[in-house]
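Presented below is the structure to which this report refers.
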Amino acid sequence: MSKPTPLSGFPELLPAQRAVEQQVIDTLRSTFELYGFAGIETRAVEPLDQLLRKGDTSKEVYLLRRLHETSEEGHAGMGLHFDLTVPFARYVLENAGRLEFPFRRYQIQKVWRGERPQEGRFREFAQADIDIVGRDVLPFHHDVEVTRVMVDALTRLSFLPAFRLQVNNRKLIQGFYAGLGLEDLDEVMRIVDKLDKLPVDKVRQMLVDEAGATSEQADRVLSLATIRTGDDSFVAQVRGLGVSHPLLDEGIDELASLVRGVADLVSDRVRVEADLSIARGLDYYTGTVFETRLDGYESMGSICSGGRYDALASDGKATYPGVGISLGVSRVLVPLLARTGLTASRSVPSAVLVALADEDSRPASEAVAAALRARSIPCEVAPTAAKFGKQIRVAERRGIPFVWFPQADGGHQVKDIRDGNQVDADPSVWTPSPEDLRPQVVPGA
């Protein structure tokens, strides 16, 4: 096989980096389960009519095609899912009769998007989603709940930089636009959503040219988008703009309730901000919308986003409203690994290397390893019966903290090769510290 050419946008991690990713996934899973979310996994492919049904996603979908496909379209009518929300909506519809509502699910899985690779943006990456879905109705307090759950999960990832959760409500901005007399509300939101990518003057001109706004309407739309507060003081600022509409009132009340409902989570690492420029690009959101940015990594954009969707899933008899938030696991982790050198304390899960005096003693060393594994202590037996100094260096290179020495008289000793301390030990009772039992995340620069 010739030397392979790397594929951009498809990140692959070295073992120590993968250990960090696994700890992230384990932390997310355990946190989600603490709040009663059930784990599911959906298939990798969905029918194209489902994938293209919501939002401008046609440029992102990878088609599924057999090598000798002869159909006129050149594909099998299926594509790889680009997020986990659309597959989840289909999953709910197919299994509604077997699910208890409100249904609380988490999903940690790969997705695929056909976009230009750059820092934090990949063609294949892992996402972690939580959603709560109801049948016909879903009380607003669930919007607050999923926000709190994800903030808790991110806070438990102690190596992450400080982060800012930005929240808004589409009812608020749609009601404001309607109160101004604008007609194409979705187009206005689509354009406003570009404020983090385009100059304000360019966005203002787009509002006039593409959304049919007057110059005065465009200025008032942009005035709303400049409002950012760390508490519910945004309410007075919105009211001060002199626009009224019933949908605006509903959105203001919901956003204020959300900001107040998570105020106790604010800390030196966590900020929650009402940001009235946030709209989210996908058109299935109907109320609360979230985005999250890491301090010092703003160029990556939002690493965690989502919102409320009241009509994403319907079978004609019932509607299944939901609210969810998605963390781009690869999106946040891969740049951190590259920029800071974030890694794990060792590249293997083994906490112990069981030494070999000679090849004839391999069964005795394997018996020690079996006794340790029976008590969930990861270990491995030395690959060869080299001199003990070389076996210790094998452990050092792999980051394994302990070397176990079976003794000729039937006894045992274990050595902490970090400080050289060697003591008698019994494989049926000896246990390393919790920090040594599993690889630990080692912060980078």
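Using a 4.5 Å heavy-atom threshold, the side chains of L14 and S347 count as separate. Between V348 and E380, some side-chain heavy-atom pair lies under the 4.5 Å cut-off. Contact check for R123 versus R113: no side-chain heavy atoms found under the 4.5 Å cut-off. Looking at M206 and L198, their side chains come closer than 4.5 Å, going by heavy atoms from C-beta outward. Counting only heavy atoms from C-beta outward, the side chains of L182 and V221 approach each other to under 4.5 Å. Looking at heavy atoms from C-beta onward, L337 lies out of side-chain contact with T343 at the 4.5 angstrom threshold. Residues I227 and L241 form a side-chain contact, since some pair of their non-hydrogen atoms from C-beta on lies under 4.5 Å apart. Within the 4.5 Å cutoff, side-chain heavy atoms of F32 are placed close to those of M150.
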Stepwise salt bridge (charged side-chain N to carboxylate O under 4.0 Å, His left out) test for R190 and D184 = CA-CA 10 Å; R190 185 190 67 80; D184 194 343; over 6 Å; no
Show your working on salt bridge (charged side-chain N to carboxylate O under 4.0 Å, His left out) between R29 and D26 and close with a plain yes or no.
-> CA-CA 5 Å; R29 183 183 66 244; D26 288 345; 3.0 Å; yes
Kindly indicate, with the supporting measurements, whether the criterion side chain to side chain contact (heavy atoms under 4.5 Å, CB included) is fulfilled by R271 and F163.
-> CA-CA 6 Å; R271 300 192 309 283; F163 61 91; over 6 Å; no
Can you check side chain to side chain contact (heavy atoms under 4.5 Å, CB included) on E145 and I130, steps first, answer last?
-> CA-CA 11 Å; E145 182 178 10; I130 54 171; over 6 Å; no
Stepwise side chain to side chain contact (heavy atoms under 4.5 Å, CB included) test for C304 and E291 = CA-CA 6 Å; C304 182; E291 290 193 352; over 6 Å; no
Worked verdict on Y106 versus Y35 for ring pair (Phe, Tyr, Trp, His ring centres under 6.0 Å) | CA-CA 10 Å; Y106 75 86; Y35 290 84; over 10 Å; no
Go through the steps for V289 and M189 under the test side chain to side chain contact (heavy atoms under 4.5 Å, CB included), then give the verdict.
-> CA-CA 12 Å; V289 285; M189 282 194 299; over 6 Å; no
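Separating the CG atom in L258 from the OG1 atom in T288 is a distance of 5.5 Å, to the nearest 0.5 Å. Once rounded to the nearest 0.5 Å, the distance linking CG of L333 with CZ of F125 reads 14.0 Å. Here CG of L353 is found 5.0 Å from CD1 of I400. Values are rounded to the nearest 0.5 Å. In this structure, S305 OG and Y285 OH are separated by 5.5 Å, a value rounded to the nearest 0.5 Å. Taking CD1 of I303 as the reference point, atom CG of L154 lies at 5.5 Å (rounded to 0.5 Å). Rounded to the nearest 0.5 angstrom, D129 CG and L28 CG are separated by 11.0 Å.
Between P161 and Y297, the closest heavy-atom pair is CG-CE1, 3.6 Å. Closest approach of L437 and P432 over heavy atoms only: CD1-CG, 3.7 Å. Considering every non-hydrogen atom in both L372 and C379, the closest pair reads CB-SG, 4.0 Å. Across every non-hydrogen atom of E46 and P87, the tightest pair is OE2-CB, 3.5 Å. When all heavy atoms of A344 and V20 are compared, the pair lying nearest together is N-CG2, 3.6 Å. In plain terms, the two heavy atoms of G301 and R293 that are nearest each other are O-CG, 3.7 Å.
Side-chain atoms of D131 and Y309 include a donor-acceptor pair closer than 3.5 Å. Judged by distance alone, the side chains of T42 and Q107 do bring a donor and an acceptor atom under 3.5 Å apart. There is no side-chain donor-acceptor pair under 3.5 Å between R269 and T155. Using modelled atom types, one finds a donor on one side chain and an acceptor on the other under 3.5 Å when comparing Y320 with R135.
Salt-bridge formation is not detected for the pair R308/E254: no Lys NZ or Arg NE/NH1/NH2 atom is positioned less than 4.0 Å from an Asp or Glu carboxylate oxygen. The existence of a salt bridge linking R18 and E21 is confirmed by a sub-4.0 Å separation between a basic side-chain nitrogen and an acidic carboxylate oxygen.
At least one donor-acceptor pair under 3.5 Å links the side chain of Q440 to the backbone N or O of R438. For the pair D232 (side chain) and V235 (backbone), a donor-acceptor distance under 3.5 Å is absent. The backbone N or O of A153 sits nowhere less than 3.5 Å from a side-chain atom of T31 that would complete a donor-acceptor pair. Between the H81 side chain and the R43 main chain, a donor and an acceptor come within less than 3.5 Å of each other. The backbone N or O of D219 lies less than 3.5 Å from no partner atom in the side chain of R204, so there is not a single donor-acceptor pair. Side chain of T292 to backbone of S302: no donor-acceptor contact under 3.5 angstrom is found. A donor-acceptor contact shorter than 3.5 Å is absent between the side chain of R220 and the backbone of L180. A donor-acceptor pair under 3.5 Å links the side-chain atoms of R346 to the main chain of D436, judged by distance alone. Between the side chain of R104 and the main chain of A38, no donor-acceptor pair closer than 3.5 Å is present.
Under the side chain to side chain contact (heavy atoms under 4.5 Å, CB included) criterion, D275 pairs with Q166, R228, E273, S277, I278, not counting sequence neighbours.
Taking the six-membered ring for Trp and thresholds of 30 and 60 degrees, F103 and Y91 have nearly parallel ring planes, at less than 30 degrees apart.
More than 12 heavy-atom neighbours from other residues, nucleotides or ligands sit within 6.0 angstrom of CD on E33. Remark: K317 NZ is loosely packed, at most 12 non-hydrogen atoms of other residues, nucleotides or ligands lying under 6.0 Å away.
Taking the ring axis of F402 as reference, the NZ or CZ atom of R418 stays within 45° of it and closer than 6.0 Å to the ring centre.
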